[in-house]
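To start, the structure itself, in structure tokens.
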Amino acid sequence: MKTNSALIIGHPGHELRAFKILKDLKPDVYILTDGSGQNNDSRLHQSIKLIESLGATYKYSFIPFPDKEIYNIILSGDLDKIKQIKKQLLISVKENNYSEIYGDALEGFNPTHDICRYIINGIVAEMEKDNPQKPILNYDFLLDKIPDMSSQKKNNLSFELSPTELEMKIKAALDYPELKAEVEMAIERFGVSSFSWELYSRITDLNQISNWKNPFPYYEEIGRKRVASGAYKNCIEFEKHIKPIAEICLATTVFN
């Protein structure tokens with residue numbers, strides 16, 4: 001049954017990590033980028049096909065960024081384009097009056113994933129500022145890790161997929177050509193059963209911009225190593241590039 005919910009994700013394919021939500025709630029889905037990577041080969045059409053096959057709706061509210069473009073936006077500090085995408089999403093969220101939003105978690109693994117979370121939290125803050133009597137249920141889900149079901153907290157949502165649902169999820173993942181190899185590696189490493197649980201954590205701190213214990217997020221650690229090796233000329237840094245974006249996303253003045 002379709003519900004008044006939205007799924008907002010950074011890359012095509014992330015919807016597979018929210019398969020239960022996609023299948024049962026049939027949310028409106030927004031994707032920030034086209035997943036084209038270094039080869040400029042968009043995989044957006046694969047996600048749209050999966051989304052629509054489960055009765056959910058892909059929303060054409062904006063043109064997703066090519067991956068190279070969003071990385072250039074980050075490195076150049078083009079905050080206006082980030083503000084614009086938040087503005088377009090905010091307009092759509094207001095028009096559809098969603099009661100629940102699900103999306104990428106803040107992990108420090110990939111800057112686009114984290115920007116997606118900053119945008120969601122900024123939108124929720126904006127909505128709740130306008131209407132304090134109507135809180136939005138705001139949940140995230142991990143992309144870089146397998147959900148730790150032992151760390152369940154109050155107000156989180158957890159689902160165990162039925163054998164039929166698990167079979168559907170694995171088939172959908174293996175039928176996604178651009179992700180098939182990655183899925184096969186994950187199955188080999190963690191086992192099929194690891195995909196049978198989905199955990200959605202309720203966001204309580206809308207202003208959080210970091211949650212990693214190391215001096216740098218993972219993407220910056222890797223980037224610094226590649227710069228040192230000569231593979232990259234420069235890398236995305238949290239303090240220099242991502243923190244200003246986080247502050248813009250979490251501000252409630254996107255129309256200025």
Side-chain angles (χ1 to χ4, degrees), residues 6-74 85 102-105 107 109-117 140-147 159 161-200 218-219 222 226 231-232 236:
L7 175 65
I8 303 175
I9 54 180
H11 290 123
H14 292 185
E15 69 278 359
L16 286 163
R17 298 301 293 263
F19 189 85
K20 180 73 171 174
I21 293 296
L22 198 64
K23 172 182 169 291
D24 288 359
L25 301 188
K26 306 188 187 310
D28 289 344
V29 183
Y30 302 83
I31 306 178
L32 299 187
T33 70
D34 65 6
S36 53
Q38 294 296 316
N39 297 323
N40 293 320
D41 190 8
S42 172
R43 64 175 191 250
L44 185 63
H45 62 288
Q46 299 287 359
S47 284
I48 294 174
K49 182 170 70 173
L50 172 59
I51 289 162
E52 293 180 345
S53 74
L54 292 171
T57 303
Y58 175 72
K59 300 292 282 185
Y60 294 85
S61 299
F62 54 86
I63 299 174
F65 293 115
D67 286 337
K68 283 187 177 180
E69 182 180 356
I70 198 162
Y71 274 86
N72 288 335
I73 288 169
I74 293 169
I85 204 75
Y102 302 82
D104 295 357
E107 297 181 272
F109 174 73
N110 182 294
T112 300
H113 304 179
D114 291 354
I115 289 171
C116 182
R117 173 47 51 189
D140 71 14
F141 54 90
L142 297 173
L143 292 158
D144 182 44
K145 303 179 184 68
I146 295 296
F159 302 102
L161 277 65
S162 70
T164 299
E165 289 174 326
L166 178 58
E167 183 179 351
M168 290 174 62
K169 181 177 182 179
I170 296 298
K171 183 179 186 305
L174 292 174
D175 285 347
Y176 201 121
E178 294 85 349
L179 300 178
K180 183 179 180 181
E182 184 179 333
V183 172
E184 289 174 337
M185 288 175 59
I187 291 173
E188 183 177 350
R189 181 179 177 188
F190 300 109
V192 170
S193 62
S194 63
F195 293 87
S196 63
W197 282 95
E198 294 182 1
L199 176 64
Y200 302 88
Y218 176 80
Y219 59 78
I222 296 300
R226 289 177 178 171
Y232 286 1
I236 293 174

Quick one: pull up NZ in Lys180 and CG in Asp175 and give me the separation to the nearest 0.5 Å.
8.0 Å

Just verifying a value: how many Å separate Asp24 CG and Phe159 CZ, rounded to the nearest 0.5 Å?
7.5 Å

Which heavy atom in Lys20 sits nearest to a heavy atom in Leu161, and how many Å separate them?
CB-CD1, 4.2 Å

Which of parallel (below 30°), tilted (30 to 60°) and perpendicular (above 60°) describes His113 and His14?
perpendicular

Counting N and O atoms only, with roles assigned by atom type, does the side chain of Asp67 sit under 3.5 Å from a partner on the main chain of Ser36, one being a donor and the other an acceptor?
yes

Between the side chains of Ser47 and Tyr176, does any donor sit under 3.5 Å from an acceptor?
yes

Looking at Asp140 and Ala105, would you say the former's side chain and the latter's main chain have a donor-acceptor pair under 3.5 Å?
no

Considering all heavy atoms of both residues, which atom of Ile51 and which atom of Glu15 are nearest to each other, and what is their separation?
CG1-CG, 4.3 Å

Counting N and O atoms only, with roles assigned by atom type, does the side chain of Asp104 sit under 3.5 Å from a partner on the main chain of Cys116, one being a donor and the other an acceptor?
no

Heavy-atom count check: over 12 atoms from other residues, nucleotides or ligands less than 6.0 Å from Glu184 CD?
yes

Considering non-hydrogen atoms only, spot the tightest contact between Phe65 and Ile70 and give its length.
CD1-CD1, 3.9 Å

Can you give me the closest heavy-atom contact between Ala172 and Leu50, atom names plus distance?
CB-CD1, 3.8 Å

Check: Arg17 side chain, Leu143 main-chain N or O, donor-acceptor pair, under 3.5 Å
yes

Pairwise side-chain contact, Thr33 with Pro66, heavy-atom cut-off 4.5 Å (strictly under)
no

Check ion pair Lys23-Glu198 (N to O, under 4.0 angstrom)
no

Do Tyr60 and Ile48 have side-chain heavy atoms sitting under 4.5 Å apart?
yes

Closest heavy-atom pair and its distance - Gly103, Arg117:
O-NH2, 3.2 Å

Parallel, tilted or perpendicular, as decided by the 30° and 60° cut-offs, for the rings of Tyr200 and Tyr102
perpendicular

About how many Å separate CG of Leu174 and CG of Leu179, when rounded to the nearest 0.5 Å?
10.0 Å

Lys26 side-chain N/O to Thr57 backbone N/O, donor-acceptor pair under 3.5 Å
no

Using a cut-off of 6.0 Å, state whether more than 12 heavy atoms not belonging to Lys68 lie near its atom NZ.
yes

Less than 4.5 Å apart, side chain to side chain, heavy atoms only: is that true for Pro177 and Gln46?
yes

Mind checking whether Leu16 and Phe195 have side chains closer than 4.5 Å, heavy atoms only?
no

Mark yes or no for whether Glu107, through its side chain, and Leu142, through its backbone, hold a donor-acceptor pair below 3.5 Å.
no

Phe141 and its side-chain contact (heavy atoms from CB on, under 4.5 Å) partner, picked from Ile9, Leu199, Ile21
Ile9

Would you say Lys171 has more than 12 foreign heavy atoms packed within less than 6.0 Å of its NZ?
no

Can you check side chain to side chain contact (heavy atoms under 4.5 Å, CB included) on Tyr218 and Asp144, steps first, answer last?
CA-CA 11 Å; Tyr218 176 80; Asp144 182 44; 5.9 Å; no

Quick check: closest heavy atoms across Gly191 and Ser194, and the distance to 0.1 Å?
O-OG, 2.6 Å

Side-chain heavy-atom pair Trp197, Ile146 within 4.5 angstrom cut-off
no

Just verifying a value: how many Å separate Phe109 CZ and Tyr219 OH, rounded to the nearest 0.5 Å?
12.0 Å

NZ of Lys59 to CG of Leu7: how many Å apart, nearest 0.5 Å?
13.5 Å

Between Phe62 and Leu32, is a side chain to side chain contact (heavy atoms under 4.5 Å, CB included) present by the stated rule, with each step listed?
CA-CA 9 Å; Phe62 54 86; Leu32 299 187; 4.1 Å; yes

